[in-house]
Protein chains: 2
Amino acid sequence: MKRKTTSDSAPASPVATRKTAQSAVTKEDVARAAGVSHITVSRVINTPDKVAPETRAKVQSFIASMGYIPNLLAGGLASKRTRIIAAIVPTISHSIFAETVRGLSEQLSAQGYQLLLGQSNYSEDAETALVEAFIGRRVDGLVLTGVQHTERTRQRLKTANIPVVETWDLTPEPIDMLAGFSNHGAGRAMGDYLQQRGYRRMAFVGGEDPRGQSRFSGMRDALLAHALEAPLYLTVPFGSFLSAGREAITMILEQHAEVDAVFFSNDVIAAGAVLECQRRHIQVPQRIALAGFANLDIAPEVHPALTTVQISSLQIGQTAAQMLLARLAGEGVDDPVCDLGFSVVPRASA
Amino acid sequence: MKRKTTSDSAPASPVATRKTAQSAVTKEDVARAAGVSHITVSRVINTPDKVAPETRAKVQSFIASMGYIPNLLAGGLASKRTRIIAAIVPTISHSIFAETVRGLSEQLSAQGYQLLLGQSNYSEDAETALVEAFIGRRVDGLVLTGVQHTERTRQRLKTANIPVVETWDLTPEPIDMLAGFSNHGAGRAMGDYLQQRGYRRMAFVGGEDPRGQSRFSGMRDALLAHALEAPLYLTVPFGSFLSAGREAITMILEQHAEVDAVFFSNDVIAAGAVLECQRRHIQVPQRIALAGFANLDIAPEVHPALTTVQISSLQIGQTAAQMLLARLAGEGVDDPVCDLGFSVVPRASA
DNA sequence: GTGAAAGCGCTAACAC
DNA sequence: GTGTTAGCGCTTTCAC
């Protein structure tokens, strides 16, 4: 009893099975056309040098002429490797994680992997949902932003048993691997810097993300160590960061006139504040010093240019990708924890 | 000959097949534990109300306790539906397409679909490669930016036979469906506006993307219609748009002193120009008028606030998603071509 | 260098 | 309401 010869009553069309929603051309079709077996087509695609040059050329020409596109769903199911790495960032539209994503994407695509991007909107529960969705798609590895995750996320990741890199912060107990920097340290460094520049009454403006909070607490520790008052802590909503910065600085100038320096969680928010000061003809840094975070494109462009903290956003992405790829290649990762550091960039605004 | 009883020589472990890289729990495992069949578990997940409440509860509790995550690869292969919609945008890090992506993502996830995002870097060949990769993953639908694509892209999409929405422009011959606006019209509208405000010698600054070029040619048509000279055409590299805007305006002021108004392809570039003028104490719009495009967050924040063109970025995403979902639900799409329009937003800069 | 057989984990169709 | 059977299109293993 041979398979599929259907030469009795079926119409002579390419054997439409159920729905014809997708490109109906399969490896089998190509194989039949080229007069080889199914598996030879597979080899031409995956391990071309294990096929006789002649056969290879013939098969390749049929692949091209028939417009054959391998079904990666089937391939992934059979091989248990999808060559997809997923990354979850709080937001993809705002620029702060853009370089990390670029670093990831470049390294991965160079090795034939694809990047699947998810956006958590700074919600741990959304992150958990994404993790489950990604595991369901059987991604080969996962990159997470931050080190704070729900217990369920950790659980899922544990049982899924795939390589994971946490990024953008440091922790003594990573889920698996880590590429980041110390947000607490960055906050402390900026606190030290501002203190040393002579500012005495400071404020911190940020979102409600845990990394921003670490920076705040680092700053606070620095100020307390110098016998200064703890900084004021203002949160801004996620959304339009520029106008959030404007509103925050307006509020500080009007209601906290004693504040002489502000550290913003993000250069875009800080830039909004600079623009507002400019509009009101408020001297920066004489009346009030303004500092940002991340050294984004906008930081050197505003007037006065923004003092900020340089972080290695791009390298975080590159390093995370390399760790993952090494693990997937079966190589050991020399150090599963990589601290990429940061540095204060002094400019005119503080 | 029953299947899989392996009670002879195998170790009593959960039958590790090949690699144990992924969560080994399968529907079969859950079914066995719950004392039901394989397919019942499937129904509990996909069509819970077709299962007796009692059975359902029991199965659900096992799903939870065993941490079962369905293999969507296998599901997609069997059902020929992945519930993934892919979208290709020129860039995800710059803010211009952010709202479109948000509109897509929100509409899709509300219907249980996931968005797979690709970045073409304004390259048609990169777009083609992404299209092939996405078809390989058997996405259920595709959203493209722009209406200009390689012949190969069109071919692949034709044979893949999946719903496609082109966006961000208009064309008389869409591949399938379309949600956009007229870039040529937007350029003409801005040209008309600037002419009507009394500017006489204009320049256009943009990237090399086809939509920017359409806006340029629309502007040119407007000026020529008013017997003005065609605008100067300057291109800037993709990358740091703010500094590109600074450089462009510097160049224009120094080498084309006769220019009295500039239309930038993007608010961020325009904002860079505004910042530069501010720094040099050049009066905007008295010495030179500056206008942007897209009405991004930054447009109202700079000083003077940017005159720009409002487009319906969010609605493009929403509309594209709805068209796709309607098609996938087997409903007809009333009008496969949707022109969402634009409008000039007059502010202080021009 | 090439092929046959088996099975990845799931859903569709049809029974019961 | 629940189960059985037969694939989805591919890769793996082992044979030739």
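Within the structure, the salt bridge (Lys or Arg N to Asp or Glu O under 4.0 Å) test picks out the following pairs touching residues 321-333 of chain A (sequence neighbours left out): A/Asp176-A/Arg327.
Looking at residues 108-115 of chain A, you'll see that no heavy atom sits under 4.0 Å from any atom of DNA chain D. The stretch residues 51-64 of chain B touches DNA chain D through B/Val51, B/Ala52, B/Thr55, each having a heavy atom within less than 4.0 Å of the strand.
Taking the ring pair (Phe, Tyr, Trp, His ring centres under 6.0 Å) definition, one finds that A/Tyr122 meets it with A/Phe238, sequence neighbours left out. Partners of B/Thr150 under the side chain to side chain contact (heavy atoms under 4.5 Å, CB included) rule, at least two apart in sequence or in another chain, are B/Glu124, B/Asp125, B/Thr128, B/Arg152, B/Thr153. Under the side chain to side chain contact (heavy atoms under 4.5 Å, CB included) criterion, B/Ala34 pairs with B/Val36, B/Val59, B/Phe62, not counting sequence neighbours. Remark: B/Ala321 pairs with B/Leu104, B/Gln107, B/Leu108 by the side chain to side chain contact (heavy atoms under 4.5 Å, CB included) rule, at least two apart or across chains. Listed by chain and number, the residues in a side-chain hydrogen bond (donor to acceptor under 3.5 Å, both in side chains) with B/Arg56 amount to none (sequence neighbours excluded). Applying the side chain to side chain contact (heavy atoms under 4.5 Å, CB included) criterion to A/Leu314, with sequence neighbours excluded, gives A/Glu99, A/Arg102, A/Gln318. Not counting sequence neighbours, the partners of A/His149 by the side-chain hydrogen bond (donor to acceptor under 3.5 Å, both in side chains) test are A/Glu127, A/Glu166. Remark: A/Phe97 pairs with A/Trp168 by the ring pair (Phe, Tyr, Trp, His ring centres under 6.0 Å) rule, at least two apart or across chains.
Side chain to side chain, A/Arg83 and A/Gln111 fail the donor-acceptor criterion of an N or O pair below 3.5 Å.
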I'd like a list of close polar pairs between nucleotides 3-6 of chain C and the protein, N/O only, cut-off under 3.5 Å.
{"unit_1": "C/dG3", "atom_1": "OP2", "unit_2": "A/Ser37", "atom_2": "N", "d": "3.1"}
{"unit_1": "C/dG3", "atom_1": "OP2", "unit_2": "A/Thr40", "atom_2": "OG1", "d": "2.4"}
{"unit_1": "C/dG3", "atom_1": "N7", "unit_2": "A/Arg43", "atom_2": "NH2", "d": "2.6"}

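As a whole-Å value, the separation of B/Glu28 CD from D/dG3 P is 12 Å. Following rounding to the nearest Å, B/Leu73 (CG) and C/dC10 (C1') show an atom-to-atom distance of 10 Å. The CZ atom of A/Arg137 sits 17 Å away from the P atom of C/dG9 (whole-angstrom rounding). In this entry the distance linking NZ of B/Lys27 with P of C/dA12 reads 11 Å, nearest Å. In this structure, the CG atom of B/Leu77 is 9 Å from the P atom of D/dC8, given to the nearest Å. For B/Lys80 and C/dC10, the NZ to P distance is 17 Å, given to the nearest whole Å. For the pair B/Asn46 CG and C/dT11 P, the interatomic distance rounds to 5 Å; values are reported in whole Å. Put simply, CD1 on B/Ile135 is 14 Å from P on D/dC10, counting in whole angstrom units.
No side-chain heavy atom of A/Pro90 sits under 4.5 Å from any side-chain heavy atom of A/Asn121.
Judged purely by atom type and a 3.5 angstrom limit, A/Thr167 uses its side chain to pair as donor or acceptor with the backbone of A/Leu144.
Both B/Gly75 and A/Lys50 lie close to DNA chain C; mapped to their nearest nucleotides by heavy-atom distance, the more 5′-ward contact belongs to A/Lys50.
Note on A/Ser42: a side-chain N or O is less than 4.0 Å away from OP1 or OP2 of D/dT11. Under 4.0 angstrom from either OP1 or OP2 of D/dG9 there lies no side-chain N or O belonging to A/Tyr68. Look at B/Asn71 and you won't find any side-chain N or O under 4.0 angstrom from OP1 or OP2 of C/dC8.
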